[in-house]
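Proteins get letters first, then strands, A, B, ... in listed order; numbering begins at 1 in each.
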There are 4 protein chains.
Amino acid sequence: MQTPPGRRPGRPRSRRADDAILSAALDLLGERGNIAEVSIEAIAARAGVGKATIYRRWPGKEELLVDAVATLRPPLPDLDEGSMRGDLVLLLEQVCAEMDGKLQRAINALLVSRAHPEIGARIKHAVLAPRREALYQVLRRGAETGELRPGADPEAVLNLLMGGALLHRRSAGGGSPRACAELLVDTLLAGIAAPRPA
Amino acid sequence: MQTPPGRRPGRPRSRRADDAILSAALDLLGERGNIAEVSIEAIAARAGVGKATIYRRWPGKEELLVDAVATLRPPLPDLDEGSMRGDLVLLLEQVCAEMDGKLQRAINALLVSRAHPEIGARIKHAVLAPRREALYQVLRRGAETGELRPGADPEAVLNLLMGGALLHRRSAGGGSPRACAELLVDTLLAGIAAPRPA
Amino acid sequence: MQTPPGRRPGRPRSRRADDAILSAALDLLGERGNIAEVSIEAIAARAGVGKATIYRRWPGKEELLVDAVATLRPPLPDLDEGSMRGDLVLLLEQVCAEMDGKLQRAINALLVSRAHPEIGARIKHAVLAPRREALYQVLRRGAETGELRPGADPEAVLNLLMGGALLHRRSAGGGSPRACAELLVDTLLAGIAAPRPA
Amino acid sequence: MQTPPGRRPGRPRSRRADDAILSAALDLLGERGNIAEVSIEAIAARAGVGKATIYRRWPGKEELLVDAVATLRPPLPDLDEGSMRGDLVLLLEQVCAEMDGKLQRAINALLVSRAHPEIGARIKHAVLAPRREALYQVLRRGAETGELRPGADPEAVLNLLMGGALLHRRSAGGGSPRACAELLVDTLLAGIAAPRPA
DNA sequence: AGATAAGCGAGACGGTACGTCGGGTCTTATA
DNA sequence: TATAAGACCCGACGTACCGTCTCGCTTATCT
């Protein structure tokens, strides 16, 4: 055993520096809206920190931004609306709302762009996963209550909903997040196959 | 009609330069897989062209890459499978397949990232639109043949399918594009609401 | 009939173009004061001429500027002051006066700088030579009238006077060209050796 | 005394970089012989230095070259020949010899060309001044020993000699520096006015 | 208390690429 | 064939960041 009581020698890293760096990175990512226009030098300057203090902690810009984004984890809405449809709409509404705003667009870019897949994975894990997990729980409860059709693959449902939200916010332009969420959920609930004449 | 008899004075721009630049840009985007690692200097060098010849045509790297990507327009698959489901699966299978590969990841980044929204719009128009249009026609024909449930909003259906494909390829990892497409289409066709007991 | 005895075929070169180019070149050389900041593009633009029209006439910027400078040949002052000293002062005064002004500084640079010696030679011939020749005639007449000490090498005298003027205008700063010329001429006339006691 | 104990923060500038840059600049100036053909990029490459390291120290090419030239200060010849004439000849011989060689021609161009007069002034101060000062001392000693005619303006004498050397090396072409120096000094010593018949 | 060791802000380092400018050449249509 | 216009390839310009490397200092732990 080495450090918990027996700490590393030398001056310990400064928590204040960590916070200042992450916060400056998010600020700038929000302002510039584009990962390419956020420079380490600008982050260091705004954080009042030397560049070496950043490179001591992260190997490069992207890793830093991933961690910065990961600190966001906005609180999920309270659920328990009583019905699976209500909960799905509630969650999807938040996802839709988050599509707006420069910071979110930048995050999406981080999600989708990377050559090095591990980075996309980490941000996915940190930011996307909580939303997926919440949706997943709603579906599971729906299965228990019988609201979810047996045989529906929850993974597929999840991706349909979230991907649908991602694209619909852009292609269909305006409209309230609420309306968008309701349309998507209801379409998926009902399916699109014509009912057999019976 | 613009100037066929009265042409602009001076040497006209070289078609060969246009082609060389666009093709070099795509090459490099495919190789590097990351817009940030494709440099104008490298494009100019590979195209055998001066940098000024590029900047005379495009204001910057991103605009150039957008146009380069827009020249891709891979052919859509032949449809006429006989059923709406078959056609949807066929189209979605191609979309799923296109998610793999460095070039496509780079394109996705361009799609989603931009601060200047016009650029995202142009690439959307050039690359995404044909696929959306094909899906749209399939849905319209399904409505005519009665295979599509009346009341289903085609726009929403479209976004659910394409967004679902986008995410499912990543989250569910492996699997053939075919299987992915079938799962998504079937899930959406059937809907996820439990059938009313009746 | 095409050519007085036999003219060259095709459109003849435009005299107006020659004039416009040379005049624009001098203008810009005067304004910018520095050969490096005079661009062929600017000359062509100001002259209302295509760049090719310049390159058809001169092989490069320096040759063009040499020719432009050579068109200056400002008139020399009338002499016949009656005495060698008077004429020398008159000529040297003009040389001193010409040291001021951006154009002259640029010309001096052309005179002194060139790696390719032929160009310096041509401008020397065109601009410096007339002044030297005038001084030389004054000295020759001085020799005839006995005002010039026999044995004085006219070439050396000439160079002492003109070089002296070149430097004295700069080092001694202010002062009228007249005073400068008189000081130099009188110093050289009297010599600097102490008179033998005898 | 400035800040020996309280130093500027950050990494101090590298002496080795200074030296490498100045030396590379002189090398190239000597090779190319023409300020316009010496590029900052070439200097940086030869010095093994980034361009920014140059621009951190000098605002542009000319200022750098001025400083580079200023480091030359070749040693003046030992004097004490016993006579004023001997010393003058010795000094002027060196000045004449320095007219040859590409580096010196380039320096002369710097001296004479500049639009911004301050730069010419600095190089004048660094390179020309020592020679002028040496000549000046010789003249002063000549005045003390009575070899210099009372009433001769030392400033004018100086400019006559150095300017004469500058021009004579070019106009009179060949000849040894020694012969050139002797001719000029003797001409000026004796003066050019015919001795009054008395 | 002093030594040791690492972190700190600052900023210079060697580089890469940027977007601009100008050089000298080439290619149009027109005169 | 010359002309005005302007595109062509090339390469230097001066700037902005990259990720690394000193500096002098501070802040801990370990003798």
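Residues A/Tyr55 and A/Ile40 meet the side-chain proximity criterion, which asks for heavy atoms closer than 4.5 Å. Annotation: side chain of B/Arg57 is in contact with side chain of B/Arg13 (closest heavy-atom distance under 4.5 Å). Put simply, the side chain of A/Arg16 does not reach to within 4.5 Å of the side chain of A/Val49, judged on heavy atoms.
Taking for each of D/Lys61 and B/Gly48 the nucleotide of DNA chain F with the nearest heavy atom, the 5'-most of the two is the partner of B/Gly48. Each of C/Glu41 and D/Ala47 was matched to the nucleotide of DNA chain E holding its nearest heavy atom; the match closer to the 5' end belongs to D/Ala47. If you find the closest nucleotide of DNA chain E to D/Thr53 and to B/Val38, the one lying nearer the 5' end belongs to D/Thr53. Ranked by how close their nearest DNA chain F nucleotide is to the 5' end, D/Pro12 and B/Arg15 are led by B/Arg15.
Residue A/Arg57 has a polar side-chain atom (N or O) positioned under 4.0 Å from OP1 or OP2 of E/dC8. Contact annotation: B/Arg8 does not reach the phosphate of E/dT28 (side-chain N/O to OP1 or OP2, under 4.0 Å). Contact check, A/Arg13 against E/dA6: no side-chain N or O comes under 4.0 Å of OP1 or OP2.
The side chain of B/Arg56 has F/dC8 as its nearest neighbour among E/dG9, E/dC13, F/dC8.
C/Asp18 places its CG atom 12 Å from the P atom of F/dA2, with the value rounded to the nearest Å. At whole-Å resolution of the value, CD in D/Glu37 and P in E/dG23 are 14 Å apart. Atom C1' of nucleotide E/dG11 and atom CD1 of A/Ile40 are separated by 16 Å, given to the nearest angstrom. The separation between C/Tyr55 atom OH and F/dG6 atom P is 18 Å, rounded to whole Å. The CD1-P distance, from B/Ile54 to F/dC8, rounds to 11 Å in whole Å. As a whole-Å value, the separation of C/Ile43 CD1 from F/dA4 P is 15 Å. In this structure, CZ of D/Arg16 is placed 14 Å from C1' of E/dA12, rounded to the nearest angstrom. The interatomic distance linking A/Ile21 (CD1) with E/dA10 (P) rounds to 12 Å, in whole Å.
For F/dG14, its base sits under 3.5 Å from the side chain of D/Lys51 at one donor and acceptor pair at least. Counting distance only, with no hydrogens placed and no angle test, the side-chain atoms of D/Arg11 and the base atoms of F/dC21 include a donor-acceptor pair under 3.5 Å.
At the heavy-atom level, A/Ala44 lies nowhere under 4.0 Å from the strands shown. Residue contacts shown for A/Ala52 include a base, since a base heavy atom lies under 4.0 Å away.
A donor-acceptor pair under 3.5 Å links the side-chain atoms of B/Arg32 to the main chain of B/Glu37, judged by distance alone.
Of the charged side-chain nitrogens involved, at least one lies within less than 4.0 Å of a carboxylate oxygen, so that C/Asp27 and C/Arg46 count as a salt-bridged pair.
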